[in-house]
J.: 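Here it is, the structure in full.
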Number of protein chains: 2
Amino acid sequence: MLTQKRKHYILEVLQRNGHVVAKTLAMELGLSEDTIRRDLRELAKDGQLQRVHGGALPASAAVADYAARQSISEQGKRAIGQAAASLIQPGQIAILDGGTTAVQVARQLPLNLAATIVTHSPSVAMELINHAQLDVILIGGKLYKHSMVTMGTAALAALTHIRADIFLMGVTGVHPDAGLSTGNLEEAYMKRALSEHAAETFVLASQEKLGVASPYVIMPMAEVHGLVVEASVATAQLTPFVEMGLSIIKPSPL
Amino acid sequence: MLTQKRKHYILEVLQRNGHVVAKTLAMELGLSEDTIRRDLRELAKDGQLQRVHGGALPASAAVADYAARQSISEQGKRAIGQAAASLIQPGQIAILDGGTTAVQVARQLPLNLAATIVTHSPSVAMELINHAQLDVILIGGKLYKHSMVTMGTAALAALTHIRADIFLMGVTGVHPDAGLSTGNLEEAYMKRALSEHAAETFVLASQEKLGVASPYVIMPMAEVHGLVVEASVATAQLTPFVEMGLSIIKPSPL
DNA sequence: CTTGACTCTGCACGAATATGCGCGTATTCT
DNA sequence: AGAATACGCGCATATTCGTGCAGAGTCAAG
């Protein structure tokens with residue numbers, strides 16, 4: 001195995017799991033721990049990760065920690081991203097919504113996943129340039145700067161030719177009675193349209209969105225197949241959705 | 001086996017597997033490792049892949065590559081960007097090509113410019129989020145990762161509804177006789193189509209592209225209205241273009 | 001047809017790089 | 001404190017690399 005490839009692999013595992021263990025890596029890759037340790041040392045010298053006893057952590061524990069504390073939901077969004085990413089099977093066509101949570105999903109997709117990702121968000125598209133096996137289809141149209149996605153008739157027209165297996169939707173409100181909602185009328189229409197062009201729709205529902213309703217309704221909960229939520233969400237908060245027959249996807253624990 | 005054929009094969013394997021190993025290739029092709037290594041070295045020099053110990057990786061781990069290209073003659077590109085940006089008048093509809101030079105143009109656009117920018121490059125689109133007065137239309141389609149633009153039939157279809165005032169085109173070769181050229185067939189078609197949907201076409205021609213021809217021809221020089229070049233370009237290098245009736249746009253000195 | 005310039009390929013050899021092992025030391029856990 | 005584990009360093013070995021060189025093939029001018 002090529003040294004560079006190995007380092008990439010290490011960084012990938014690190015990004016996905018939040019940590020790596022030297023011994024585990026050695027076994028996974030069938031190499032001596034010395035080699036792994038050498039890699040870790042070099043990556044650490046390049047500032048790509050932070051060396052700790054037994055393995056390594058993401059580059060700046062300080063920064064990561066600071067960021068984590070500053071926006072609590074950042075951690076959660078990443079976990080959601082990981083769980084949502086695992087919903088996309090090789091060979092499938094998946095629609096990825098815009099927004100920061102969706103960017104997290106893109107970031108958590110395995111580097112070697114072979115699938116097709118449809119998105120109307122340039123930022124999501126940019127996240128995917130490193131995924132060699134991924135086909136990326138960008139939905140064009142008028143760019144709405146506040147949410148950094150394309151919408152409008154041109155975007156709807158571009159959608160007509162697409163039938164996806166799964167749609168991962170970002171929203172600002174998930175309420176048992178009020179349904180899914182967002183803060184912008186155009187967005188509501190767009191998300192609904194995206195949903196209609198996918199066989200299944202899953203909602204990326206970070207903690208603070210559960211039980212909340214925003215001004216513009218996208219569609220009722222009944223039309224959704226499942227919610228992707230953080231591990232820390234109380235079961236009580238989810239029961240109304242479970243009773244409606246929705247699947248609940250949670251991140252796998254470390 | 002022909003050298004070209006062999007290199008093509010190497011790139012193909014590289015794209016499929018995400019890496020190539022010198023030893024393996026030598027066995028597969030029944031050649032000495034020396035030959036393979038020579039090929040790899042040359043492909044690396046052309047920027048088609050990235051050489052590492054034991055084999056090679058795709059050139060466009062994109063990040064490194066894109067970042068690297070970004071810094072090539074950055075000074076000149078910024079100047080060109082400034083000059084090109086000044087071509088876009090308030091109220092106009094302008095098409096902006098992809099590529100690092102075009103990103104520079106986007107970056108140099110006045111923050112208060114009120115116009116419409118059409119682009120098939122997500123990176124250009126991202127540059128423009130801070131321009132409140134700017135309408136941004138993104139051309140969708142299949143995303144080609146090496147050059148970070150959308151192309152293909154979907155992109156062409158999206159274009160049909162658009163008539164722009166001006167198109168700022170990025171190329172890799174500008175030659176008096178050979179015309180405008182680029183390193184990718186699909187790109188050549190796309191650029192030509194973009195040009196056909198604009199009243200005027202100007203070419204972003206940084207120093208190193210003048211007098212150079214790339215494999216795929218976009219169109220003859222006669223169909224272009226002008227070149228945007230760096231201030232430092234020798235007049236002699238431009239005379240053939242001037243004689244053909246092209247306007248030459250140079251950055252205004254500081 | 002011949003000759004000379006040029007290109008491509010494989011081989012040889014010294015240099016550079018990567019990997020695994022041993023061993024003494026440092027860190028962590030109980 | 002003592003055991004277990006992880007660490008870093010030096011060294012030996014195995015690949016891999018780059019370069020110089022020679023033979024084979026190609027092409028075009030004479």
Side-chain angles (χ1 to χ4, degrees), chain A residues 1-62 64-65 68 111-112 253-254, chain B residues 1-61 63-65 68 178 183 212-215:
Chain A
M1 178 172 221
L2 298 173
T3 310
Q4 305 294 340
K5 201 83 181 170
R6 196 174 56 234
K7 290 188 179 174
H8 281 168
Y9 176 83
I10 293 175
L11 290 174
E12 192 190 336
V13 173
L14 181 59
Q15 188 178 20
R16 199 139 27 144
N17 293 357
H19 70 279
V20 287
V21 179
K23 192 169 198 167
T24 314
L25 284 172
M27 289 209 301
E28 280 174 14
L29 298 172
L31 292 167
S32 75
E33 293 183 40
D34 297 70
T35 303
I36 300 299
R37 271 198 283 272
R38 254 184 282 252
D39 288 346
L40 293 180
R41 239 175 293 165
E42 284 160 24
L43 288 169
K45 189 145 71 182
D46 291 357
Q48 310 229 50
L49 51 72
Q50 190 204 354
R51 195 76 174 77
V52 296
H53 207 87
L57 296 173
S60 46
D65 194 49
L111 269 176
N112 58 356
L254 300 181
Chain B
M1 179 174 225
L2 272 64
T3 310
Q4 298 292 20
K5 209 81 177 166
R6 196 173 56 234
K7 288 188 178 174
H8 193 269
Y9 175 82
I10 293 175
L11 290 174
E12 202 178 314
V13 173
L14 182 59
Q15 182 163 17
R16 199 171 49 235
N17 294 357
H19 69 275
V20 288
V21 179
K23 192 171 197 167
T24 313
L25 283 172
M27 290 209 301
E28 281 174 12
L29 298 171
L31 292 167
S32 75
E33 292 182 40
D34 299 69
T35 303
I36 300 299
R37 271 199 284 272
R38 256 183 282 250
D39 288 346
L40 292 180
R41 240 175 295 166
E42 284 160 23
L43 287 169
K45 189 143 69 182
D46 289 358
Q48 309 232 50
L49 50 73
Q50 184 196 351
R51 194 76 172 78
V52 298
H53 203 89
L57 297 173
S60 60
V63 175
D65 190 52
V212 174
S214 292

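These numbers come from the heavy atoms of this one structure, side chains and all, not from hydrogens, waters or symmetry mates. Lettering of chains follows the sequences in order, A, B, ..., and the numbering in each one begins at 1.
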J.: What are the two closest heavy atoms between Leu40(A) and Val20(A), and how far apart are they?
T.: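 For Leu40(A) and Val20(A), the tightest heavy-atom pair comes out as CD2-CG2, 4.4 Å.
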J.: Might you point out which heavy atoms bring Leu14(B) and Gln48(B) nearest each other, and give the distance in Å?
T.: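 Closest pair (atom of Leu14(B), atom of Gln48(B), distance): CD2-O, 4.5 Å.
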J.: Whole Å only: how far is the CZ atom of Arg38(B) from the P atom of dG20(D)?
T.: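 So the two atoms are 12 Å apart, to the nearest Å.
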J.: Find the distance Arg6(B):CZ to dC8(C):P and express it as a whole number of Å.
T.: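 Arg6(B) atom CZ is separated from dC8(C) atom P by 9 Å.
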J.: When you measure from every atom of DNA chain C, which of residues 26-37 of chain A have a heavy atom less than 4.0 Å away?
T.: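 The answer is Leu31(A), Ser32(A), Asp34(A), Thr35(A).
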J.: NZ of Lys23(B) versus P of dA18(C): gap in Å, rounded?
T.: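 That distance rounds to 16 Å.
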J.: Would you mind reading off the distance between Leu2(A) atom CG and dT17(C) atom P, rounded to a whole angstrom?
T.: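 Atom CG in Leu2(A) sits about 16 Å away from atom P in dT17(C).
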J.: Assign Val21(A) to base, sugar-phosphate, or nothing according to its heavy-atom contacts below 4.0 angstrom with the strands shown.
T.: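 The answer is nothing, as Val21(A) stays clear of every strand by at least 4.0 Å.
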J.: State, to the nearest 10°, the angle formed by the axis through the first five base pairs of the helix from dC1(C)-dG30(D) to dT30(C)-dA1(D) and the axis through its last five.
T.: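 Axis angle across the helix from dC1(C)-dG30(D) to dT30(C)-dA1(D), nearest 10°: 30°.
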J.: Can you check the Arg51(B) CZ to dA18(C) P distance for me, whole Å?
T.: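 These atoms are roughly 12 Å apart.
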J.: Take the protein atom NZ of Lys5(A) and the nucleotide atom C1' of dT16(D), then report the distance between them rounded to whole Å.
T.: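 My rounded result for the distance is 19 Å.
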J.: Quick one: Asp39(A) CG to dG8(D) C1', roughly how many Å, whole number?
T.: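 Taking CG of Asp39(A) and C1' of dG8(D), I get 15 Å after rounding.
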J.: Figure out the CZ/P separation between Arg41(A) and dA6(D), and round it to whole Å.
T.: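 That distance rounds to 15 Å.
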